[in-house]
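What follows is a short report on a single structure.
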Amino acid sequence: MSSQKETRAFEAEVSQVLRLMIHAMYSNKEVFLRELVSNASDAIDKLRFEALADPELRAEQGEAAIALSVDREARTLTIADTGIGMSRQEVTESIGTIARSGTREFLERLSGDQQADAQLIGQFGVGFYSAFIVAERVVLTTRRAGERDAVRWESTGDGEYTLEAAEKAQAGTEIVLHLREDEDEFLEPMRLETVVRRYSDHISFPIYLVEEASEEGQEPTRRQLNEASALWTRSASEISAEDYTEFYRHVARAFDEPLAHVHTTIEGRLKFTLLLYVPSARPFDFAMAGQERQGGVKLYVKRVFIMDEAEMFLPRYLRFVRGVVDSDDLPLNVSRELLQDNRVVRTMRQTAIKKVLERLETLSQDAEAYGTFWNAFGPILKEGVIEEPERKEQIAALLRFASTSPATEDAPEAQQVRLADYIERMRPGQEAIYYITADSYASALASPHLEIFKARGVEVLVLTDAVDEWLVNHLSEFQGKALRSVTRGALDLESLGKDAEAAEEESAVEDAAEEAEAASEAERAPWLGAVEELLGEQVREVRLSQRLTDSPSCLVREEWEIGERMRRILEQAGESVPASAPILELNEKHPLVARLAREESGERRTRLAELLLDQARLGEGGQLQAPALFVRRLNELLVELMDEA
Ligand SMILES: Nc1ncnc2c1ncn2[C@@H]1O[C@H](COP(=O)(O)OP(=O)(O)OP(=O)(O)O)[C@@H](O)[C@H]1O
């Protein structure tokens with residue numbers, strides 16, 4: 001390895017983030033210490049873990065501790081840990097670049113508006129770089145445990161850094177902050193103590209403040225600032241709300257206020273502790289589909305850190321949960337493979353699921369907090385209905401939907417209606433829970449399929465998340481009431497129930513609908529057969545509609561068929577979906593349909609029939625194979641009508 005000093009440029013984004021961060025975080029500058037202590041604690045965890053299997057590393061372990069020391073004359077604050085340290089390559093990778101995918105996404109979201117960006121960075125956090133809020137120069141010396149050579153990284157945070165070989169007796173990392181002019185407060189022991197107690201009391205290892213001796217020749221003294229016992233091992237009554245929050249921020253690498261936590265120790269045949277949190281915001285790198293983060297919790301075995309993102313302790317649909325699980329029964333040398341099919345893990349997982357779902361139930365009694373949760377993670381929780389059929393009913397009770405009878409008028413599209421609310425509001429005699437799936441609330445509301453429901457005052461749930469298409473396939477009923485799509489199957493008007501108060505207003509609508517019903521029950525009008533023939537394989541059947549009151553036509557599918565939206569979602573995901581012809585329903589009361597029924601010219605009948613079919617396709621958000629043809633037919637018809645007028 002070269003011992004020469006080399007100068008390198010930061011990735012362009014680093015300088016950008018640094019500038020922004022110093023500006024944005026200044027009002028809360030003390031958090032730099034939390035960040036550095038949090039990294040130090042992670043590094044000690046990692047060394048302890050690696051040392052389990054490696055006696056050489058064990059020999060290198062010093063006292064697992066973090067030391068803060070100040071040099072008043074030099075105006076420096078030093079944070080030293082006895083953790084795993086970093087190799088030269090690790091330093092370049094972790095400190096010189098922005099490696100975390102979340103950081104990239106964060107940068108993409110920057111708007112250029114300083115204030116908005118400042119807020120964003122506040123939620124995001126910046127880890128190591130936060131040192132530059134208070135330091136004009138940072139010197140990091142580190143030696144990876146098991147390696148001989150140490151490396152020194154130095155930067156003033158203005159676009160470049162230097163790297164050079166160094167000596168370091170103890171494995172670990174030492175960060176010297178050369179404080180900016182106005183930052184003398186961080187040379188004060190009292191100030192450091194307050195900050196450590198506020199943000200880092202939960203850290204499992206001792207954090208010492210090393211104080212210069214008051215008289216020359218004397219040894220420096222050291223004082224422990226934090227409690228230094230793993231937070232989850234303490235009893236809940238001894239842990240303040242702030243401690244819980246700061247611990248969450250540490251384990252989840254998050255900056256929000258968690259919405260809720262579960263903290264429980266089970267002592268029986270197995271002994272384990274769970275400290276699990278429900279975050280209030282979705283982390284930046286929490287993508288919804290594709291290469292999303294696995295989720296999972298930190299696994300400790302008898303208080304020793306074993307792994308991050310241990311996903312086997314929670315199901316996929318709870319992958320937003322963060323926290324720690326600590327088992328007394330697993331072996332310290334446990335591997336990911338071993339955890340996959342393990343009795344201890346299964347028990348811990350079942351307890352975790354039960355506790356988290358119960359906690360969500362309690363949380364749901366607080367509409368505001370639950371709304372925050374739902375907006376961040378609702379679509380993920382919905383996966384539970386699909387993933388875990390045994391708990392389907394329990395999870396379904398936690399779901400919230402938008403509805404045609406919104407809970408709040410100013411945000412009608414908000415997902416706030418519980419299935420139980422819906423059932424409570426059902427009209428007497430109404431048999432099913434009706435829903436419509438669509439790309440947006442607005443497009444759902446404009447759907448012709450909703451006409452009869454609107455006319456009858458029947459509430460319909462509006463499902464706009466992609467996962468809803470699967471959800472409804474797996475949730476065929478709730479509390480004994482079937483879930484039924486308004487776009488599927490034959491509609492039995494009786495099943496919509498009656499509303500005694502609105503009976504009179506309804507009667508006109510009902511009369512019309514009943515007439516249609518009578519007509520469809522009576523011998524099928526021959527013109528329908530003729531239209532069906534004209535449209536050929538494009539439709540399975542043409543029939544009179546009970547759904548429509550205003551629109552002339554709509555498409556309907558059978559319960560078991562793949563709907564138009566599901567087809568689009570699957571096709572976008574690159575899956576081919578076998579074509580199936582829908583049923584075309586026509587509204588006999590509509591003048592265009594009436595005209596179609598009595599039209600004698602074969603050519604005009606074809607044109608009208610095709611137009612009504614295309615309109616129905618557009619009405620459900622589908623695409624026309626030949627939009628130009630649709631336009632031509634429409635124009636021809638308009639011109640003819642103008643001529644007639
Ligand atoms: N004291 C340390 N000892 C060993 N490695 C460290 C230390 N501090 C930082 N690192 C390494 O540098 C990486 C980047 O640290 P940084 O604090 O910038 O981000 P992070 O810890 O990954 O995430 P966050 O921004 O949430 O803190 C860490 O993931 C770790 O690998």
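We count ligands from 1, going down the list as the structure has it; atoms in each ligand are counted the same way.
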Full working for salt bridge (charged side-chain N to carboxylate O under 4.0 Å, His left out) between Arg191 and Glu185: CA-CA 7 Å; Arg191 176 82 170 110; Glu185 60 188 280; 2.7 Å; yes
Check Asp42 against ligand 1 and report side chain, backbone, both or neither, counting heavy atoms closer than 4.0 Å. neither
Is any N or O atom of Ala43, backbone or side chain, closer than 3.5 Å to an N or O atom of ligand 1? no
Show the atoms of ligand 1 that are less than 4.0 angstrom away from any heavy atom in Glu35. 27 (O)
For residues Phe305 and Asp308, report the shortest heavy-atom separation together with the two atoms involved. CZ-N, 3.6 Å
May I ask you to test the Pro189-Leu192 pair for a side-chain heavy-atom distance under 4.5 Å? no
Heavy-atom contacts with Asp81 under 4.0 Å: which atoms of ligand 1 show up? List them by number with element. 1 (N), 2 (C)
Of the listed options (Thr173, Val37, Val91), which comes nearest to atom 2 (C) of ligand 1 when hydrogens are ignored and any heavy atom counts? Thr173
Less than 3.5 Å apart, which donor and acceptor atoms pair up between the side chains of residues 167-176 and the rest of the protein, not counting sequence neighbours?
| from | atom 1 | to | atom 2 | distance (Å) |
| --- | --- | --- | --- | --- |
| Lys168 | NZ | Gln170 | O | 2.8 |
| Gln170 | NE2 | Glu60 | O | 3.3 |
| Thr173 | OG1 | Thr142 | OG1 | 2.9 |

Is the ring pair His202/His250 parallel, tilted or perpendicular, if the boundaries are 30 and 60 degrees? tilted
Do any N/O atoms on Lys46 end up under 3.5 angstrom from N/O atoms on ligand 1? no
Under the side chain to side chain donor-acceptor pair (under 3.5 Å) rule, what pairs show up with a residue in residues 366-379, not counting sequence neighbours? Trp374-Gln415
Atoms of ligand 1 less than 4.0 Å from Phe128 heavy atoms? 16 (P), 17 (O), 18 (O)
Would Tyr129 count as being in polar contact with ligand 1, using the rule that some N or O on each side must be under 3.5 angstrom apart? no
Just heavy atoms, cut-off under 4.0 Å: does Glu90 contact ligand 1 by side chain, backbone, both, or neither? neither
In terms of its nearest heavy atom to atom 12 (O) of ligand 1, the top option of Gly85, Ser94, Gly83 is Ser94
Over 60° means perpendicular and under 30° means parallel, so tell me whether Tyr244 and Tyr277 are parallel, tilted or perpendicular. perpendicular
Nearest candidate to atom 11 (C) of ligand 1, where distance is taken over non-hydrogen atoms, out of His250, Glu174, Arg249, Met86: Met86
Can you say whether the rings of Phe247 and Trp232 are parallel (under 30°), tilted (30 to 60°) or perpendicular (over 60°)? tilted
